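Let me give you the structure first, and then I'll get to my questions.
What you see below is based on every heavy atom in this structure, not just the backbone, and it leaves out hydrogens, waters and symmetry mates. All values derive from a computational prediction rather than experimental measurement. A note on names: the letters A, B, ... follow the listed sequences, proteins ahead of strands, and every chain is numbered from 1.
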Amino acid sequence: MCGRFAQIYDDSALKQEFQLEDIRENITNRFNISPGMEVNTIIGVSDKNSFVKQHWGINSIHGRELDNLVFNTRSDTFIKDRFGKHFHKTRCIIPVSGFFEWNNKQPYFVKSLKNDILSLAGVFILDRRTNEYSCSVMTVNSIGQLSNIHERMPLILSGYDKIKWLNNSRSDVSDLENICLKRIDTTELDIFRVTDRVNSLLHDSPQCIEKLNENSLL
DNA sequence: CCAGACGTTGTT
DNA sequence: GTCTGG
DNA sequence: CCAGACGTTGTT
DNA sequence: GTCTGG
């Protein structure tokens, strides 16, 4: 699962990664982002990608209140069920520097060894009354090293899959199904313990993603 | 045409 | 809102 | 995801 | 325990 992450990058890195023309909004480094907060996302609109700030977690669909804040969505049922149909043309990417997972009350940070930005697959809802966007991060069963920490992990997109995921105007269902079943090679990931201070959202500093050494674990 | 339905995760 | 079922 | 709170009535 | 807020 994925219930906390960090977004630490500047405009130019995002523009390059997603071929964005312009980012009008301000981007600030955030080291401890939780459901309910505002997050940076990318939405594909007819061959062009746009930067959009969204609320993380969907709490209503078309004026209908949901019982819970839906901040994760299972990728394996995305295509099949009704919920999936709602989001068939509303996919997005949540670019993160890494995400947190807890095991035994202990927080770990997960980031890429290769890139500064990990592309998490997401779906969104646009509330046309308020013009506000809300999104949910897709999840899959975790594998490799990550499965030692947590049963589920976010769906991480790589290569051309990012483009396919963002292309909401030309969706190939079998393409999407394949992407939903793919899982990242976890040897590409760096996974390490971080300070318990990250538990509290009051702590939003570089310390949140610092590797904890063995000695300090005592 | 209208009526009715419409959602996820982790934990124990 | 949008899709399904009748 | 974790942290933190968790209650009602009548009266002025 | 369970809900809310961030």
Next item on the list: Quickly work out the A:Arg4 CZ to D:dA3 P distance and round it to whole Å.
Entry: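 Between P of D:dA3 and CZ of A:Arg4: 8 Å.
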
Checklist line | Gap between atoms CG and C1', on A:Asn72 and D:dC1 respectively (whole Å) | finding: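 About 9 Å, once rounded to whole Å.
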
Checklist line | Nucleotide forming a Watson-Crick or wobble pair with E:dG6, both distances under 3.5 Å | finding: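 Check on E:dG6: paired to D:dC1, both distances under 3.5 Å.
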
Margin query: So if I take every side-chain heavy atom of A:Met37 and compare against E:dG6, B:dG10, D:dC2, which nucleotide ends up nearest?
Written below: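 Ranking E:dG6, B:dG10, D:dC2 by closest atom to the A:Met37 side chain puts E:dG6 first.
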
Next item on the list: For nucleotides D:dT9 and E:dG1, find the distance between their C1' atoms and express it as a whole number of Å.
Entry: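 Each nucleotide's C1' atom is 27 Å from the other's.
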
Checklist line | Smallest separation among heavy atoms of A:Lys53 and A:Tyr133, with atom names | finding: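 Minimum heavy-atom contact is O-CB, 4.3 Å.
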
Item checked: Value in whole Å for how far the C1' atom of B:dT8 lies from CG of A:Leu69 ->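 About 10 Å, once rounded to whole Å.
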
Notebook entry, point to check: Nearest-Å distance, CZ (A:Arg152) to C1' (B:dG10)?
Noted result: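 To the nearest whole Å, that distance equals 10 Å.
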
Next item on the list: Round to the nearest Å and state the distance from A:Lys105 atom NZ to D:dC2 atom P.
Entry: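 Rounded to whole Å, this separation is 7 Å.
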
Check: Roughly, in whole Å, what's the span from CD1 in A:Ile33 to P in D:dC2?
Finding: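 Going from A:Ile33 (CD1) to D:dC2 (P), I get 17 Å.
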
Notebook entry, point to check: So which nucleotide from E:dG6, D:dC2, B:dG10 ends up closest to the side chain of A:Trp102?
Noted result: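 When the side chain of A:Trp102 is considered, D:dC2 is the closest of E:dG6, D:dC2, B:dG10.
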
Notebook entry, point to check: Between A:Phe71 and A:Trp56, what is the ring plane arrangement, given parallel below 30°, perpendicular above 60°, and tilted in between?
Noted result: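 It falls in the perpendicular class, over 60°.
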
Note to self: Using atom P in both nucleotides, what's the gap between D:dC1 and B:dT11 to the nearest angstrom?
What the structure shows: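 It comes out at 6 Å once rounded to the nearest Å.
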
Margin query: When both hydrogen-bonding distances must be under 3.5 Å and the geometry is Watson-Crick or G-U wobble, what is B:dT8 paired with, if anything?
Written below: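 Checking every strand shown, B:dT8 finds no partner, since no pair has both distances under 3.5 Å.
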
Next item on the list: Remember a base hit wins even if backbone is also touched, and classify A:Phe71 as base, sugar-phosphate or nothing at under 4.0 Å, heavy atoms.
Entry: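 Counting heavy atoms under 4.0 Å across all strands, the contact made by A:Phe71 includes a base.
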
Next item on the list: Calculate, to the nearest 0.5 Å, the distance between atoms CG and CD1 belonging to A:Asp11 and A:Ile27 respectively.
Entry: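 So the gap between those two atoms works out to 4.5 Å.
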
Check: How close do A:Arg152 and A:Ser142 get, heavy atom to heavy atom, and via which atoms?
Finding: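 It is N-OG, 3.7 Å.
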
Next item on the list: Quick one: do A:Met138 and A:Arg91 satisfy side-chain contact (heavy atoms from CB on, under 4.5 Å)? Show the steps, please.
Entry: CA-CA 10 Å; A:Met138 313 293 292; A:Arg91 297 182 303 277; over 6 Å; no

Checklist line | Value in whole Å for how far the P atom of B:dG10 lies from CG of A:Asn104 | finding: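 In whole Å, B:dG10 P and A:Asn104 CG are 16 Å from each other.
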
Check: When the P atoms of D:dT8 and E:dT4 are considered, how many whole Å apart are they?
Finding: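 Here D:dT8 and E:dT4 have their P atoms 14 Å from each other.
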
Item checked: Length of the CZ-P vector between A:Arg197 and E:dG6, whole Å ->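 Taking CZ of A:Arg197 and P of E:dG6, I get 21 Å after rounding.
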
Margin query: Taking only side-chain N and O atoms of A:Asn199, does any of them lie within less than 4.0 angstrom of OP1 or OP2 on D:dA3?
Written below: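 It does, given that an N or O in the side chain of A:Asn199 lies less than 4.0 Å from OP1 or OP2 of D:dA3.
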
Notebook entry, point to check: Between B:dA5 and D:dG10, how far is it from one C1' atom to the other, in whole Å?
Noted result: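 These two C1' atoms come out 44 Å apart once rounded.
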
